[in-house]
Colleague: 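Here it is, the structure, as structure tokens.
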Number of protein chains: 2
Amino acid sequence: MTNPTRKRNTWQREAVRGALGADDGFVSAQGLHSVLRESGSPIGLATVYRALADLATEGEADSLQSPEGESLYRACTPGQHHHHLICRNCGLTVEIEADAVERWAQSVAAEHGFTQPNHVVDVFGLCAACSQAR
Amino acid sequence: MTNPTRKRNTWQREAVRGALGADDGFVSAQGLHSVLRESGSPIGLATVYRALADLATEGEADSLQSPEGESLYRACTPGQHHHHLICRNCGLTVEIEADAVERWAQSVAAEHGFTQPNHVVDVFGLCAACSQAR
DNA sequence: GTACTATTGATAACGAATCTCATTACCGTT
DNA sequence: AACGGTAATGAGATTCGTTATCAATAGTAC
């Protein structure tokens with residue numbers, strides 16, 4: 001049946017995946033682009049945006065909006081649904097489990113007749129280090 | 001001591017407050033501006049942005065980011081901390097209590113040494129009506 | 001190698017939100 | 001009721017993150 005080509009492997013996508021995995025916090029598309037360029041890669045900005053969007057829809061990356069409205073991305077272990085504890089000063093991120101919250105969101109949605117709940121649960125704060133530095 | 005003037009009452013602010021209270025879902029600044037203009041008000045867009053930002057900091061309005069990154073506002077009863085269940089199709093909003101989630105956010109932040117937790121807990125879904133319409 | 005076409009990337013376009021600054025008008029004071 | 005200091009307004013310009021355009025490039029199947 002000559003498997004129809006659906007996705008091609010390019011060094012650009014690998015570069016984005018690699019750079020995303022190398023960072024342990026949330027990064028913006030522009031930030032990631034800068035990092036890649038500074039490390040010598042001639043990758044284009046639009047490509048970084050596209051790669052990140054793809055990774056996010058494929059479940060290989062988590063995405064969220066910073067309080068300022070920027071889209072931020074972070075590599076994650078696929079298949080796992082989890083939330084984050086993020087330092088609003090240095091960007092340090094801790095993955096947190098929230099089974100209880102999952103169930104709560106589901107039930108609260110169902111209670112009011114809502115379907116396809118898509119919850120946003122993230123905690124921004126100051127990490128221990130940044131707290132002390134003040 | 002001739003109490004120094006700090007805030008002035010203008011019909012523009014009242015108009016924004018009124019329009020915000022008249023809507024029972026979350027609205028964008030631009031949306032609210034359109035509504036006001038269509039109802040004959042010559043209010044300016046920048047003023048709507050400023051009024052909404054003020055209302056939000058004064059605790060008279062809740063604000064959140066839509067999944068698309070837009071800032072949305074909604075009138076709320078001051079002093080009460082609550083979260084929302086929002087229809088991503090029609091904007092219908094239900095205020096939900098989440099004491100359990102409050103405590104969870106606090107404790108999870110403390111567990112990891114984070115201070116000043118500022119959690120974002122909102123559930124987007126399809127309301128009963130919009131679910132049926134599909 | 002060749003052909004087909006998904007992907008790339010420089011740049012233009014878009015849109016939400018903010019800034020500028022001259023004008024307006026609120027409000028305490030006279 | 002008029003005055004004056006100044007907060008507030010608003011039209012337009014500006015910023016900045018993100019997406020669209022489209023010709024050129026480069027995977028992949030054959």
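In what follows, chains carry the letters A, B, and so on, assigned in the order in which the sequence lines appear, proteins first and then strands, with residues in each chain numbered from 1. Just so it is clear, the values below take in all heavy atoms, side chains as well, and ignore hydrogens, waters and symmetry mates. The structure displayed is predicted, hence computed values, not measured ones.
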Colleague: Any side-chain N or O of A:Q65 below 4.0 angstrom from OP1/OP2 of D:dG17?
Modeller: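 For D:dG17, neither OP1 nor OP2 has a side-chain N or O of A:Q65 closer than 4.0 Å.
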Colleague: Nearest to the side chain of B:W11, heavy atoms from C-beta on, is which of D:dA7, C:dG9, D:dG10?
Modeller: D:dG10
Colleague: Compare the minimum distances between each of D:dA7, C:dT7, C:dA17 and the side chain of B:E70, then state the nucleotide with the smallest one.
Modeller: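 Closest nucleotide among those given: C:dA17.
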Colleague: In this structure, how many angstroms lie between the C1' atom of D:dG17 and the CG atom of A:L32, rounded?
Modeller: 15 Å
Colleague: How close or far is atom P of C:dA17 from atom CG of B:D54, stated in whole angstroms?
Modeller: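 So the CG-P distance, B:D54 to C:dA17, works out to 15 Å.
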Colleague: Under 4.0 Å: is that the gap between some side-chain N or O of A:T10 and OP1 or OP2 of C:dT8?
Modeller: yes
Colleague: Between B:F26 and B:H84, is the gap from one ring center to the other below 6.0 Å?
Modeller: yes
Colleague: Which nucleotide in the list C:dA16, C:dA10, C:dG9 gets nearest to the side chain of B:Q30?
Modeller: C:dA16
Colleague: Is A:T47 near enough to C:dG9 that one of its side-chain N or O atoms lies under 4.0 angstrom from OP1 or OP2?
Modeller: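 Affirmative; the distance criterion is met.
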Colleague: To the closest 0.5 Å, what do you measure between SG (A:C76) and NE2 (A:H82)?
Modeller: 4.0 Å
Colleague: Between atom CZ in A:R8 and atom P in D:dT25, what is the gap in whole Å?
Modeller: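 The answer, rounded to whole Å, is 15 Å.
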Colleague: Between B:R13 and D:dT9, is there a side-chain N or O to OP1/OP2 distance below 4.0 Å?
Modeller: yes
Colleague: With each end axis built from five pairs of C1' atoms, what bend angle do you get for the helix from C:dG1-D:dC30 to C:dT30-D:dA1? Round to 10°.
Modeller: 30°
Colleague: Is B:D24 salt-bridged to B:R74, going by a charged N under 4.0 Å from an acidic O?
Modeller: no
Colleague: Examine the base of C:dT7 for any acceptor or donor lying under 3.5 Å from a partner atom in the side chain of A:R50, and report the outcome as yes or no.
Modeller: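 No, no donor-acceptor pair under 3.5 Å.
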Colleague: Checking all strands, does B:L45 fall into the base, sugar-phosphate, or nothing category for heavy-atom contacts under 4.0 angstrom?
Modeller: nothing
Colleague: Please tell me if B:Y49 has a side-chain N or O lying less than 4.0 Å from either OP1 or OP2 of C:dA17.
Modeller: yes
Colleague: Specify the separation, in whole Å, of atom NE2 of B:H33 and atom P of C:dA17.
Modeller: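 Checked: the NE2 to P distance equals 13 Å.
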Colleague: If you group Ile, Leu, Val, Met, Phe, Trp and Tyr whenever their side-chain heavy atoms sit less than 4.5 Å apart, what else falls in with A:V27?
Modeller: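 Its cluster mates, by chain and number, are A:W11, A:V16, A:L20, A:L32, A:L36, A:I43, A:V48, A:L52, A:L55, A:Y73.
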Colleague: So does B:K7 pair up with B:E58, basic N to acidic O under 4.0 Å?
Modeller: yes
Colleague: Between B:L72 and A:G44, just flag the one whose closest nucleotide in DNA chain C comes earlier from the 5' side.
Modeller: A:G44
Colleague: Would you kindly say whether B:E102 and B:H83 are connected by a side-chain donor-acceptor distance under 3.5 Å?
Modeller: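 Indeed, the side chains of B:E102 and B:H83 share at least one donor-acceptor pair under 3.5 Å.
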Colleague: Any link between A:V121 and B:V120 through a network of hydrophobic side chains (Ile, Leu, Val, Met, Phe, Trp, Tyr) touching at under 4.5 Å?
Modeller: no
Colleague: Grab the CD-P distance between B:E68 and C:dA17 for me, whole Å please.
Modeller: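 Rounding to the nearest Å, CD of B:E68 and P of C:dA17 are 12 Å apart.
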Colleague: B:I43 CD1 to D:dG10 P: how many Å, rounded?
Modeller: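 Value for this atom pair: 6 Å.
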Colleague: Contact class for A:S71 (heavy atom, under 4.0 Å): base, sugar-phosphate, or nothing?
Modeller: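 Contact class for A:S71: sugar-phosphate only.
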Colleague: Tell me: CD of B:Q12 to C1' of D:dA8, nearest whole Å?
Modeller: 8 Å
Colleague: A:K7 has an atom NZ; how far is it from atom P of D:dT28, in whole Å?
Modeller: 13 Å
Colleague: Taking it one step at a time, do A:Q65 and A:E70 satisfy side chain to side chain contact (heavy atoms under 4.5 Å, CB included)?
Modeller: CA-CA 5 Å; A:Q65 316 244 31; A:E70 225 180 348; over 6 Å; no
